Amino acid sequence: MKGELKIYNSITKNKEIFSPINNESVGMYVCGPTVYNFVHLGNCRTFVFFDIVYRYLIHLGYKVRYVRNITDVGHLEDDTEDSEDKLLKKARLENLEPREIAQKYTYYFHMILLRLNTLPPNIEPTATGHIAEQIEMIEDIINDGFAYISNGSVYFDVVKYNEKYSYGKLSRRDIEKLIHNSRELKGQSEKKNSQDFALWKKASKNHIMRWKSPWGEGFPGWHIECSAMSKTYLGDSFDIHGGGMDLKFPHHDCEIAQSNIANRSEPGKYWMHTNMLTLNGDKMSKSKGNVLLPSDLFSGENSIFKKGFSPSAVKLFMLQAHYRSTLDISEEALEAAEKGYIKLMKALSVLDRLAPSEESTFDVKKWVDSCYEAINDDFNTSVLIANLFNLTKIINRLELKTESISKEDLTLLSEKIRVFIFEILGLEQSVSYEKDRLKEVLNILIEVRNNARKNRDWKLSDQIRDKLNDIGISLKDGENQTDFPEL
Ligand code: AMP
Ligand code: ZN
């Protein structure tokens, strides 16, 4: 029933049957956030998607080690030598210690991902906690002759690497052309070539985040952090390496180059990249300043939209598009997702109340298979969710008794719909929907009790009041009516 998982591998540009290096266990590394600002909704799209990958691999029975790092140093403003570390710049602007900045935004990141009901990774290493491992890896690359020291910094020699390997093979950049065009820059820089990237940067006088190294005091480059942390926890080669599309170049191509030299192997077997969340067609990004904060979107305060949306509806909105397509956010799309979410919750509760018949008039197993087929087809959550919505129509017909379902099929359907909605998509049971239903039940009880009072059936009316009181719901009788109790 579960079928065979196929993953689109960004490096081969093909959908491939997923076959982990060590049959039963899976190692997955996802590039985490740079914690110099609030995580935005675009970032969340990427992390929500990899949560689905994690959840589904667990569902398939794999023992998964999911590593997602925190980039708390080394993310430079740009690639020039005197470029400033973004975290350090923010610390200066907010008048805080760099560690306070990292802590503040890591905390927000965790809070938001928890509200989005994503599972925490198994290991969440920080770049600052793995300086020794990074230094060791840089030394290996220097010893192999693919990096050089220049004015206290260390650079990866892209030209030399490209003679033996193919630099930029993931993003398929025309590196020869880039290298050729940038030759003229030679001599203007401490780098041999403008394509060379920093493994270690010398700290300037004012640079607070600095560590001792064989090349003097400095701090690591961004790319080496992920290579060192993935190697530490997942080994030289592991199964899945993920991140947003914008990380393909230079970040992931540089990781591949570093690992090829230091480990003599490719880091990830399957590279997965999520496409961008956009606002009015523009990529949502910190640098563009068009970001939506998830907390504002949930509360509806300070939001560009008129009201708030539940985290599950936001998630449903994100997952209704395939992860390799761009997705534009709008109030209408979020409203549709909120309605869709309530529709799913209602269908679930109708399903719970259905009485089975002798036989089924629709093929439940076929429906379940089609859901697995969708998710197995490179995590096509878009088709999976369309299948769920189709099912809500059938559930309506089951309620109206224009369709029927056998006991065995009802059990299977109730189990599998929950697997898809809660276990794999990670949506939450709607609290407000449950509350609405509780209100409906209470209204019925109040009506029954009012009738009892009219008929002077004090025994029944007292019984209802006392039993409700026992569970903390107190009814207050006015002259003509009973007030609706506080819940
Ligand atoms: P950052 O903190 O900028 O390094 O980003 C963390 C993760 O979010 C990376 O995997 C990025 O590729 C991803 N990301 C950034 N912007 C977007 C966006 N607009 N849509 C989807 N993913 C994004
Ligand atoms: Zn990374």
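Here the structure is a predicted model, which is why all the values come from computation and not from measurement. Just follow the structure's listing: the first ligand is 1, and inside any ligand the first atom is 1. Hydrogens, waters and symmetry mates play no part in the numbers below; they use all other heavy atoms, side chains included.
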- Would Asp282 and Lys288 pass as an ion pair if we require N to O under 4.0 Å?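 Looking at Lys288 together with Asp282, the answer is no, because their closest N to O distance does not fall below 4.0 Å.
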Write 'none' if nothing qualifies; otherwise put on separate lines each N/O atom of ligand 1 with a protein N/O atom under 3.5 Å away and their distance to 0.1 Å.
unit_1, atom_1, unit_2, atom_2, d
ligand 1, 2 (O), Thr34, N, 2.9
ligand 1, 2 (O), Thr34, OG1, 3.3
ligand 1, 2 (O), Lys286, NZ, 3.2
ligand 1, 4 (O), Thr34, OG1, 2.9
ligand 1, 5 (O), Asn43, ND2, 3.2
ligand 1, 8 (O), Asn43, ND2, 3.1
ligand 1, 10 (O), Gly244, N, 3.0
ligand 1, 12 (O), Gly244, N, 3.2
ligand 1, 12 (O), Asp246, OD1, 2.4
ligand 1, 19 (N), Leu277, O, 3.1
ligand 1, 19 (N), Met284, O, 2.8
ligand 1, 20 (N), Gly42, O, 3.3
ligand 1, 20 (N), Leu277, N, 2.8
ligand 1, 22 (N), Gly42, O, 3.0
ligand 1, 22 (N), Thr46, OG1, 2.7

- Message: Using a strict cut-off of 2.8 Å, how many protein N/O/S atoms surround the Zn ion (ligand 2)?
- Response: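 Step by step: take the Zn ion (ligand 2), keep protein N, O, S below 2.8 Å, and you get 3.
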- Query: Under 30°, 30 to 60°, or over 60°: which ring-plane class applies to His273 and His252, parallel, tilted or perpendicular?
  - Reply: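 The arrangement is tilted - the two ring planes meet at 30° to 60°.
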- Where is the tightest heavy-atom contact between Met245 and Arg324, given as atom of each residue plus distance?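 Where Met245 meets Arg324 most closely, the heavy atoms are CE-O, 4.1 Å.
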- May I have the step-by-step check of ring pair (Phe, Tyr, Trp, His ring centres under 6.0 Å) for Tyr107 and Phe38, ending in yes or no? CA-CA 9 Å; Tyr107 175 73; Phe38 293 114; over 10 Å; no
Does a side chain donor of either [X] or [Y] reach within less than 3.5 Å of an acceptor in the other side chain?
{"X": "Thr381", "Y": "Gln320", "value": "no"}
{"X": "Tyr372", "Y": "Asp377", "value": "no"}
{"X": "Thr34", "Y": "Tyr105", "value": "no"}

- Message: Applying ring pair (Phe, Tyr, Trp, His ring centres under 6.0 Å), can you list everything that pairs with Phe389, at least two apart in sequence or on another chain?
- Response: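 If we apply the ring pair (Phe, Tyr, Trp, His ring centres under 6.0 Å) test to Phe389, skipping adjacent residues, there are no hits.
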- Task: State which residues pass side chain to side chain contact (heavy atoms under 4.5 Å, CB included) with Ile123; sequence neighbours excluded, sorted by chain then number.
- Result: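 Ile123 satisfies side chain to side chain contact (heavy atoms under 4.5 Å, CB included) with Arg65, Val67, Pro125, Tyr233 once adjacent residues are dropped.
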